Amino acid sequence: MTKLTPPYLAFDPAIRHLRLDPHEPAFFQDPYEAYAFLHGTSNASFWEEFGFWCFGGFDDVNRLLRDRRFGRQNPAGVPDRRGVGQDRSHLKAFDGIEANSMLELEPPVHTRLRTLVNRAFVSRQVERLRPRVEALANELIDRFEQGKAVDLLPAFAAPLPITIIAEMLGVPVEMGPQLLDWSHQMVAMYMHSRTRETEETANRAAGDFADFLRGHITERRKNPGDDLLSLLISAQEDGQKLSEDEMVSSAILLLNAGHEATVHQTGNAVRSILAQGGDPRRFFSSPEATAATVEECLRFDAPLHMFTRYAYQEFEVAPGIVVQPGQTIGLLLGMANHDPRAFAEPLAFNPDRADQKNVSFGAGIHFCIGAPLARLELQLSLKTLFDRQPKLHLAEQPRFRDTYHFHGLETLAVGF
């Protein structure tokens with residue numbers, strides 16, 4: 001049965017061109033309607049507002065995330081798609097961070113950086129954080145004012161991951177609000193149709209963030225501890241160490257990635273669970289049930305809906321779609337997670353589904369390095385929240401932010 005075309009988009013099946021403003025409220029409030037239409041029409045489309053081919057089938061996205069003919073590193077001579085115009089002199093600090101970020105690099109440099117940084121994020125290291133995460137979740141819930149509506153995003157979802165990653169890095173936890181400001185200003189660089197003001201703000205944030213970290217790196221060289229900055233200073237791979245620029249970029253990436261997606265996912269997950277009605281504790285009745293619930297939350301309403309990659313050679317990426325070196329493609333993670341070819345009843349929230357999988361953390365060599373930490377934080381925070389507040393309910397209807405391709409709520413006001 002052909003899906004009716006949503007009124008806010010236009011699709012030309014002859015050339016597979018999609019016109020869809022990502023700032024259209026009907027879309028960013030519920031992208032799954034558009035995704036369902038595209039699944040029934042074409043899993044690949046040229047999204048005119050972005051200017052590149054996008055893929056939303058689960059198998060395609062999973063395959064293209066792993067395909068080494070694509071990568072994150074901008075090929076030489078290709079203008080950076082994130083630039084407004086050709087002059088990037090006003091982005092010197094931001095570009096300096098990006099130049100050493102493992103998310104934007106490919107092997108062999110990526111391999112060396114990831115190997116050194118990964119030691120802090122393997123499951124056995126993350127598991128040691130379990131008591132601290134659980135204690136922090138309880139501390140934050142203790143601060144809720146009974147009888148009053150609470151916005152869970154600033155009161156619970158945001159402070160938990162930023163506190164944990166700040167403690168891991170060994171930077172002052174009281175700097176949390178400033179770290180969040182810098183992070184938000186930098187992440188705004190990845191939004192659709194950004195402005196010169198956005199770029200200049202991001203550049204200032206990158207410079208201030210880097211200066212702050214360089215000061216702490218200098219201190220850790222003199223007085224090493226058991227924190228992540230000290231580990232990055234001492235870590236070696238085949239006799240090679242991280243340069244200070246690489247340490248700064250890695251720490252900023254971990255701070256930004258270590259909270260941004262987790263905050264969005266926590267809010268999205270609470271909203272998804274409350275929408276099911278009944279006693280939410282039924283989703284957290286055992287460690288296995290808790291883990292399955294978190295995986296379904298990651299699939300059902302992911303915090304990142306698009307991940308872009310550059311083509312490194314000319315080839316036919318899908319029937320009738322040929323890419324040239326330097327061209328960008330978009331991988332629609334949120335759409336892939338709702339592919340009816342990969343999931344039975346994709347619009348149903350079902351932690352017990354037999355086809356449980358998702359691409360919310362990516363795949364291939366850029367699979368999210370913080371996935372074990374994010375999963376631990378989500379499992380403990382959500383279980384603690386609903387165990388402590390089983391009568392949690394929405395105080396007002398939450399709305400999503402106009403920030404596609406990130407997908408998170410503006411506020412999440414709840415009562416008890």
Side-chain angles (χ1 to χ4, degrees), residues 62-76 95-130 161 164-171 183 186 206 209-210 213-214 216-221 224-262 304 307-310 312 331 333 358-377:
N62 195 27
R63 169 178 62 86
L64 294 171
L65 282 167
R66 303 168 192 272
D67 193 325
R68 299 303 306 283
R69 293 172 293 185
F70 291 97
R72 290 285 295 178
Q73 195 162 353
N74 191 348
D95 285 347
I97 300 300
E98 294 277 281
N100 292 289
S101 172
M102 75 177 98
L103 182 60
E104 309 299 337
L105 296 169
E106 294 298 313
V109 179
H110 173 272
T111 307
R112 181 175 66 86
L113 288 175
R114 188 173 177 110
T115 300
L116 290 167
V117 174
N118 192 50
R119 296 174 185 181
F121 287 91
V122 293
S123 296
R124 64 180 178 277
Q125 290 290 97
V126 168
E127 189 61 30
R128 293 166 51 191
L129 297 170
R130 179 177 292 274
I164 294 299
I165 197 68
E167 290 177 349
M168 286 180 71
L169 279 163
V171 300
S183 176
M186 292 182 69
F209 210 158
L213 286 168
R214 289 185 199 281
H216 279 278
I217 289 169
T218 299
E219 173 59 29
R220 286 298 180 281
R221 289 192 196 279
D226 59 359
D227 53 82
L228 183 51
L229 278 183
S230 298
L231 185 149
L232 293 178
I233 290 167
S234 63
Q236 293 191 50
E237 180 69 17
D238 297 329
Q240 296 186 64
K241 290 192 172 188
L242 291 171
S243 69
E244 183 167 295
D245 286 346
E246 289 172 337
M247 272 186 273
V248 168
S249 291
S250 296
I252 288 177
L253 174 62
L254 295 173
L255 275 163
N256 289 354
H259 82 275
E260 191 81 25
T262 306
L304 178 65
F307 189 72
T308 56
R309 305 190 78 197
Y310 292 106
Y312 288 157
L331 304 178
L333 309 181
N358 64 76
V359 287
S360 298
F361 289 120
I365 66 168
H366 287 291
F367 180 82
C368 177
I369 199 169
L373 176 60
R375 284 185 163 116
L376 181 79
E377 290 175 340

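Along the sequence shown, residues are numbered consecutively beginning with 1. Being a predicted model, the structure only gives us computed values, none of them experimental.
Nearest heavy atoms, G225 versus R220: N-CD, 4.4 Å. The minimum heavy-atom distance between V248 and I217, with the atom names listed, is CG2-CD1, 3.8 Å. Closest of all the heavy-atom pairs between S360 and L333 is O-CD1, 4.4 Å. Across P107 and T111, no two heavy atoms sit closer than the pair CB-OG1, 3.5 Å. L105 approaches A99 most closely through the heavy-atom pair CD2-O, 3.6 Å. The two residues H216 and V171 make their nearest non-hydrogen contact at CG-CG1, 4.3 Å.
Defined by atom type and a distance below 3.5 Å, a donor-acceptor pair is missing between the side-chain atoms of S101 and R72. Between the side chains of H366 and E106, at least one donor N or O sits under 3.5 Å from an acceptor N or O. N118 and T115 share no side-chain donor-acceptor pair at under 3.5 Å.
Between atom CZ of residue F307 and atom CG of residue L64 there is a gap of 12.0 Å, rounded to the nearest 0.5 Å. Rounded to the nearest 0.5 angstrom, D67 CG and N62 CG are separated by 11.5 Å. Between R221 atom CZ and S234 atom OG the span is 10.5 Å, to the nearest 0.5 Å. Here the CG atom belonging to L228 is positioned 4.5 Å from the CG atom belonging to L169, to the nearest 0.5 angstrom. The distance from the CG atom of L331 to the CG atom of L304 is 10.0 Å, given to the nearest 0.5 Å. Separation of atoms OG (S250) and CG (L116) is listed at 8.5 Å; rounding is to 0.5 Å.
By the 4.5 Å heavy-atom criterion applied to side chains, M186 and I252 are counted as neighbours. Side chains of N256 and F209 form a contact here, defined as non-hydrogen atoms less than 4.5 Å apart. Under the 4.5 Å side-chain criterion, counting only non-hydrogen atoms from C-beta, D227 is not in contact with M168. Between M247 and L229, every side-chain heavy-atom pair lies at or beyond the 4.5 Å cut-off. Counting heavy atoms from C-beta on, the side chains of L65 and F361 never come closer than 4.5 Å. Looking only at side-chain heavy atoms (C-beta outward), Y312 and Q73 come within less than 4.5 Å of each other.
A salt bridge is defined here as a Lys NZ or Arg NE, NH1 or NH2 lying under 4.0 Å from an Asp or Glu carboxylate O, and R214 with E219 fails to meet this definition. K241 and E246 are not joined by a salt bridge, as no carboxylate oxygen comes within less than 4.0 angstrom of a charged side-chain nitrogen.
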*Audit row: T262, L373, side-chain contact (heavy atoms from CB on, under 4.5 Å) steps and yes/no*: CA-CA 10 Å; T262 306; L373 176 60; over 6 Å; no

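Proximity of a side-chain donor or acceptor of R114 to a complementary backbone N or O of M102 within less than 3.5 Å is not detected. Judged purely by atom type and a 3.5 angstrom limit, S249 uses its side chain to pair as donor or acceptor with the backbone of I97.
For R375, the side-chain hydrogen bond (donor to acceptor under 3.5 Å, both in side chains) partners at least two apart in sequence or on another chain are E295.
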